[in-house]
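Just below is one structure, and these are the notes that go with it.
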Number of protein chains: 2
Amino acid sequence: MSYRAPVEEVSFFLKTCTALPRLMELGLVDLSFDVVDPVLDEAGKFAASVIAPLDRGADKQGCTLNDGAVTTPEGWRGAYEAWAAAGWNSVAAEEEFGGQHLPTCVTSALTEFWNSASPAFGIGGVLTMGAIEALTAHGSAAVQNTYLPKMVAGTWTGTMNLTEPQAGSDLSALRAKAVKQADGTYRVFGTKIFISYGEHDLAENIVHLVLARLPDAPAGTRGISLFVVPKFLVNADGSLGARNDVVCAGIEHKLGLNGSPTCTMAFGAAGEGAVGYLVGEENRGLACMFTMMNNARLAVGIQGVAVAERATQRAFAYARERRQGRAPGVDGAAPIIAHPDVKRMLLTMRAETDAARAICLKTADALDRAHRLADPLARSSALAEASLLTPVAKAFSTDIGTEVASLGIQVHGGMGYVEETGAAQHLRDARIFAIYEGTNGIQAIDLVTRKLPQEDGDVVEALIADYRDIADEVAALNVPDFGHAGTRLGEAVDALGRTTRKMLDWLPEEPAKALAGATPYLRLFARAAGGAYLAKVALAAYAERSAGGTDPRLSARIALARFFAENLATEAKGLEETVIGGAGGVLEAEAVLAIA
Amino acid sequence: MSYRAPVEEVSFFLKTCTALPRLMELGLVDLSFDVVDPVLDEAGKFAASVIAPLDRGADKQGCTLNDGAVTTPEGWRGAYEAWAAAGWNSVAAEEEFGGQHLPTCVTSALTEFWNSASPAFGIGGVLTMGAIEALTAHGSAAVQNTYLPKMVAGTWTGTMNLTEPQAGSDLSALRAKAVKQADGTYRVFGTKIFISYGEHDLAENIVHLVLARLPDAPAGTRGISLFVVPKFLVNADGSLGARNDVVCAGIEHKLGLNGSPTCTMAFGAAGEGAVGYLVGEENRGLACMFTMMNNARLAVGIQGVAVAERATQRAFAYARERRQGRAPGVDGAAPIIAHPDVKRMLLTMRAETDAARAICLKTADALDRAHRLADPLARSSALAEASLLTPVAKAFSTDIGTEVASLGIQVHGGMGYVEETGAAQHLRDARIFAIYEGTNGIQAIDLVTRKLPQEDGDVVEALIADYRDIADEVAALNVPDFGHAGTRLGEAVDALGRTTRKMLDWLPEEPAKALAGATPYLRLFARAAGGAYLAKVALAAYAERSAGGTDPRLSARIALARFFAENLATEAKGLEETVIGGAGGVLEAEAVLAIA
């Protein structure tokens with residue numbers, strides 16, 4: 001099945017639901033939609049024509065490791081080089097290092113397209129862009145000048161080296177060490193696991209960002225420093241020098257994402273240590289890494305959207321073609337899309353995907369406002385909003401990535417279980433997104449314990465008030481196309497409001513209850529936010545249609561917002577009950593946990 | 001990780017929540033728990049020690065096809081022979097054919113154990129037992145005498161040949177044909193796909209049950225006949241004769257269940273047709289096959305429970321061992337089971353698994369009453385109950401099979417994505433259960449359109465009244481261990497009651513709305529039923545504890561019922577809203593379906 005990038009959807013969203021048009025008007029983004037639309041279009045075509053055709057083969061072939069060298073699947077290197085040559089690796093980076101500095105809401109859409117075409121391909125770019133962002137924010141001038149131009153051009157790629165066998169989610173437990181040398185460089189020792197594209201054959205050099213401890217560092221997260229450790233050392237003239245003491249010691253046999261090598265990286269195994277260069281200050285590495293992680297968290301959320309989009313397109317195509325059984329108004333065997341239960345599956349896939357995309361793009365939009373607006377207060381308020389939305393974007397989008405991919409298999413029936421069909425791969429690929437870059441449980445805990453309390457709860461309350469306004473606007477419109485969407489959405493927003501206040505009350509007094517309810521709370525948040533953003537899109541579509549617009553997509557946007565509100569946002573009250581009334585049952589179930 | 005069969009849980013359930021003790025008392029089941037408990041125990045040991053150790057290797061190795069011969073994984077044949085030799089294949093069959101005729105609630109538990117140990121192994125037995133049941137009910141004396149003793153002994157295995165490429169869920173579209181011969185036999189022609197264990201090297205002969213059409217048969221499902229088509233013809237003395245004209249033309253490369261060959265079977269490809277023998281009457285084959293399918297539907301539900309149980313055990317074991325982060329009351333790095341969010345995942349896994357098992361065992365219990373009670377009215381009422389519960393047992397258990405397996409991966413973090421851990425295989429294996437033996441969408445439609453209207457709704461109303469009584473009993477008990485379980489459960493049951501009445505109203509007038517809501521309705525049903533059955537178990541545990549029982553499992557059962565009611569049954573009201581208020585949004589979303 002061929003992939004078609006959702007260019008019109010993204011463009012409509014950017015135009016009607018983000019600050020981008022205003023930033024353009026104010027000259028804070030030096031672009032117009034006359035540029036943005038063709039960029040989206042070109043990217044969509046590149047993704048569909050160059051990357052997507054490689055995805056199935058790459059999954060089957062996988063990566064191999066021989067003597068420390070990783071061979072990526074056939075066609076991977078050519079596609080990577082063409083992609084970098086077309087400038088797609090440089091869209092987000094600063095202009096001074098050769099980047100295009102496009103707004104995050106635009107680059108996020110591009111990230112989606114690459115990852116729809118092939119998430120195993122797309123993850124490489126996500127990591128390089130994250131590394132570029134970290135070095136741009138925290139690198140010394142020397143490090144920036146040495147590494148960034150090549151990384152922005154895509155000649156060299158970047159990695160994130162955080163996880164160690166004993167330190168997965170808990171970075172305070174990490175043990176990799178770094179010893180300062182007389183010349184100001186460091187020697188890095190240790191083993192890192194689960195390093196995506198830690199070794200590969202796509203580019204000349206690989207720039208590892210590595211977390212490690214100095215010998216005298218304080219324990220815990222306040223004793224972690226960040227280093228650049230290149231695969232090949234770089235000579236003063238920028239040419240490649242000696243091989244550094246870092247090797248790929250193994251690659252994982254995974255459920256999916258087989259086109260992406262997941263490496264165990266050994267630093268300093270040869271004895272003298274891998275040469276590394278400090279990024280930021282000693283013992284402040286975690287703060288630096290968080291720049292990269294926040295970027296990466298949004299990008300992983302977008303990976304969830306991307307695979308959901310692909311699975312949705314595949315399911316729609318199959319459901320239109322496959323004929324089975326009778327349906328009203330259809331002669332002979334009906335295409336299965338005509339069956340109400342199949343309609344429900346397809347609408348769920350489409351609605352969850354679009355809601356997740358909307359949440360991700362609103363997160364990106366908040367980042368754009370945080371970085372581009374002139375007023376410092378407006379910037380910091382936008383940054384707080386982005387911070388709050390990031391864990392929701394990451395966790396919800398990746399949860400629905402798995403759910404939508406699983407529904408996609410179901411739409412295909414028995415054929416969905418056969419690998420050749422391609423539907424099963426989406427589930428295998430998507431399943432990691434809920435885990436890497438901070439498990440979704442950790443996202444939920446981050447949302448509840450760190451993000452809700454921002455500015456005494458004012459940040460979250462402001463968002464909830466926005467959602468309330470959207471629900472009210474839908475309700476006030478009172479047109480049949482929206483069904484009972486206004487009412488249902490209002491109920492979801494109210495449930496979110498009440499539950500948020502309970503969470504804020506619990507945090508100082510009964511934090512375990514807040515932790516016990518964090519995951520269903522995040523889901524509740526996404527039900528209200530996703531419903532509100534889809535309704536915002538629908539209101540814009542309604543206005544355009546009322547003004548004479550005839551694009552059939554306008555009615556589709558309204559119908560989708562209605563479906564979400566009436567069929568999915570309805571979960572909200574139950575989630576409220578679970579969070580508020582269920583914590584006791586979680587925390588007082590030691591008898592079960594002791595046995596089962 | 002070693003598997004431990006949940007013998008105590010099953011035994012407690014059979015003793016406290018089924019009619020088995022009463023059937024024993026009345027002499028309608030000629031057994032006591034002095035026999036049943038050791039049978040469960042032995043089966044659990046066999047599953048854990050003989051079958052479970054082969055499961056990972058079989059998944060990796062898979063099956064191969066060469067010249068029509070399928071080679072199953074290493075160890076498979078030895079395990080199968082030992083299993084059959086120990087009598088485990090014959091537990092359900094009638095005594096006259098060498099069976100043990102154990103109650104279905106007992107054999108269902110055994111089916112769970114085999115499938116927890118390895119669903120790729122277990123599915124073979126499920127199909128043979130289904131074929132035995134169909135032949136026992138509908139076969140001629142000649143067919144029964146020729147095939148049943150060998151099939152019951154496990155010397156020969158059985159298959160179900162329904163699906164054709166153009167006829168998946170819709171059997172009315174099937175085209176395989178059968179031509180009557182002068183000697184009263186038939187010649188069968190056609191291609192069947194997705195035939196589990198259609199060809200293998202485990203047993204001497206394979207007895208295919210095949211649906212096909214006679215040349216003059218009416219169109220649709222009223223023109224389908226059922227045939228026995230053995231791989232090897234059987235001589236008059238019972239010895240094996242010539243090879244029949246049926247071959248395995250291909251095996252599928254699947255997402256999971258790799259130890260089980262999924263075959264394309266070609267009947268009559270050599271030209272003269274495969275020799276077949278009619279089962280039941282001409283053109284009445286579907287009714288005969290339904291005997292087998294209902295049995296198989298419950299068994300597939302049990303497969304869902306089985307994989308959920310294995311995934312749950314694996315996640316608990318990992319969560320106790322893996323240390324990460326800090327938790328209150330734990331020195332140093334805490335086992336992740338101490339984190340509230342991980343507790344929620346584990347409790348959800350355990351609660352969904354036990355609720356699904358309870359629904360399956362109650363379905364089996366209804367079948368036992370239907371087959372063993374003396375009073376014809378009581379029998380037919382029990383049969384109606386079993387019919388109603390079967391689609392719920394199949395669809396809910398298999399949905400949670402996938403969900404629980406996915407949660408199991410999440411508990412493992414990054415390790416869950418690595419195949420060696422074993423957690424990922426459970427998701428791959430479980431994903432087919434929601435599809436085969438009638439997709440879960442079809443189960444939901446069956447529940448709503450055929451089962452709810454039984455006896456004008458009296459059958460479903462009686463079950464709902466039972467659930468209401470259980471909820472009231474919990475509420476009346478009013479002890480803190482149960483938290484707000486009584487209230488929450490009562491709300492779920494009320495939501496089910498209202499939604500059921502709406503469904504029954506819709507069926508004659510607006511059937512499309514009933515179809516659009518069938519899937520969330522089934523989930524709602526399972527929320528109320530699962531909660532009620534777990535509460536029934538908990539009430540029995542409470543009584544035993546109050547009478548001085550000190551088994552720590554007693555308190556665990558109460559805590560689990562509470563968790564389910566307060567954290568999962570809370571979905572019920574939202575599901576009610578979705579079914580009742582969401583159908584319009586499904587049926588009026590043509591604009592979305594035309595585009596996306």
Side-chain angles (χ1 to χ4, degrees), chain A residues 168-170 194 252-255 316 324-325 333 337 340-341 343-344 347 350 402 406 409-410 413-414 417-419 424 431-432 434-435 439 441 445 483-484 512 515-516 518-519 552-553 555-556 559-560 562-563 566-567 570-571 573-574 577-578 581-582 584-586 589 591-593 595-596, chain B residues 168-170 173 194 252-255 316 324-325 337 340-341 343-344 347 350 402 406 409-410 413-414 417-419 424 431-432 434-435 439 441 445 483-484 512 515-516 518-519 552-553 555-556 559-560 562-563 566-567 570-571 573-574 577-578 581-582 584-586 589 591-593 595-596:
Chain A
S169 299
D170 180 14
F194 300 155
E252 304 292 350
H253 174 217
K254 309 187 299 289
L255 176 60
F316 269 87
Q324 195 82 170
I337 198 172
D341 187 65
K343 285 186 211 278
R344 170 179 295 283
L347 290 166
R350 174 48 65 211
T402 302
S406 189
I409 293 177
Q410 195 69 20
Y417 201 62
V418 173
E419 285 284 0
R431 191 60 193 80
I432 189 58
I435 296 172
T439 65
I445 292 167
H484 298 281
L515 294 171
T519 290
R553 285 187 194 88
S555 297
L560 194 69
R562 175 188 174 186
F563 175 82
E566 292 180 350
N567 284 276
T570 44
E571 273 182 18
K573 278 188 289 185
E577 267 186 9
T578 296
V586 174
V592 181
L593 296 167
I595 289 174
Chain B
S169 298
D170 179 15
F194 300 156
E252 304 291 349
H253 174 217
K254 309 187 299 287
L255 176 61
F316 269 86
Q324 196 80 169
I337 199 171
D341 187 65
K343 285 185 211 278
R344 171 180 293 284
L347 290 166
R350 173 49 65 212
T402 302
S406 189
I409 293 177
Q410 195 69 20
Y417 202 62
V418 172
E419 285 285 0
R431 190 61 191 80
I432 190 59
I435 297 172
T439 65
I445 290 168
H484 298 280
L515 293 170
T519 289
R553 287 187 193 87
S555 296
L560 194 69
R562 176 188 173 187
F563 174 82
E566 292 181 350
N567 284 277
T570 46
E571 275 182 18
K573 277 189 289 184
E577 266 186 7
T578 296
V586 174
V592 181
L593 296 168
I595 288 173

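Order of the sequence lines sets the chain letters (A, B, ...), proteins ahead of strands, with each chain counted from 1. All heavy atoms count here, side chains included; hydrogens, waters and symmetry mates do not.
- Residues Glu419(A) and Leu255(B) are in side-chain contact: their nearest non-hydrogen atoms beyond the backbone lie under 4.5 Å apart.
- When each of Gly441(A), Ala556(A), Gly413(A) is scored by its heavy-atom pairs under 4.5 Å with chain B, the top score falls to Ala556(A).
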Show, in sequence, the C-alpha distance, side-chain angles and deciding distance for Leu515(A) and Lys343(B), and conclude whether the side chain to side chain contact (heavy atoms under 4.5 Å, CB included) test is met. CA-CA 10 Å; Leu515(A) 294 171; Lys343(B) 285 185 211 278; over 6 Å; no

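- Under the 4.5 Å side-chain criterion, counting only non-hydrogen atoms from C-beta, Phe563(A) is not in contact with Val592(B).
- Most heavy-atom pairs under 4.5 Å with chain B: of the set Ile432(A), Thr402(A), Leu347(A), Thr439(A), this distinction falls to Ile432(A).
- Side-chain atoms of Glu577(A) do not come within 3.5 Å of backbone N or O of Glu566(B) as any donor-acceptor pair.
- Of the listed residues (Gly483(B), Pro552(B), Gly584(B)), the one with the most heavy-atom contacts under 4.5 Å to chain A is Gly584(B).
- Arg562(A) touches chain B through its side chain: at least one heavy atom from C-beta onward sits under 4.5 Å away, while N, CA, C and O do not.
- With a 4.5 angstrom heavy-atom cutoff, Glu252(A) touches chain B only via side-chain atoms.
- Among the candidates Ala424(B), Gly581(B), Ala516(B), Ser555(B), the residue making the largest number of heavy-atom pairs closer than 4.5 Å to chain A is Ala516(B).
- Contact of Ala173(B) with chain A is not made at all, since no heavy-atom distance falls under 4.5 Å.
- Contacts of Phe194(A) with chain B are made by side-chain atoms alone, with heavy-atom separations under 4.5 Å and no backbone atom involved.
- Between Ile595(B) and Phe316(A), every side-chain heavy-atom pair lies at or beyond the 4.5 Å cut-off.
- Comparing Gln410(B), Arg553(B), Lys573(B) by how many heavy-atom pairs each has under 4.5 Å with chain A, the most go to Gln410(B).
- Judged purely by atom type and a 3.5 angstrom limit, Glu571(A) has no side-chain atom pairing as donor or acceptor with the backbone of Glu571(B).
- Residue contact with chain B, scored on non-hydrogen atoms closer than 4.5 Å, involves the backbone and the side chain of Ser406(A) alike.
- Looking at His484(A), neither its backbone nor its side chain comes within 4.5 Å of chain B, counting heavy atoms on both sides.
- Interface check for chain A: of the options Leu560(B), Ile445(B), Ile435(B), Ile337(B), the most heavy-atom pairs under 4.5 Å are formed by Ile435(B).
- By number of non-hydrogen pairs under 4.5 angstrom with chain B, the leading residue of Ala333(A), Ala434(A), Ala512(A) is Ala434(A).
- Here the closest heavy-atom approach between residue Ala589(A) and residue Ala559(B) is recorded as CA-CB, 4.2 Å.
- Looking only at atom types and distance, the side chain of Asp341(A) has a donor-acceptor partner in the side chain of Thr519(B) under 3.5 Å away.
- Of all the heavy atoms in Asp170(B) and Gly325(A), the pair that sits closest is OD2-N, 3.2 Å.
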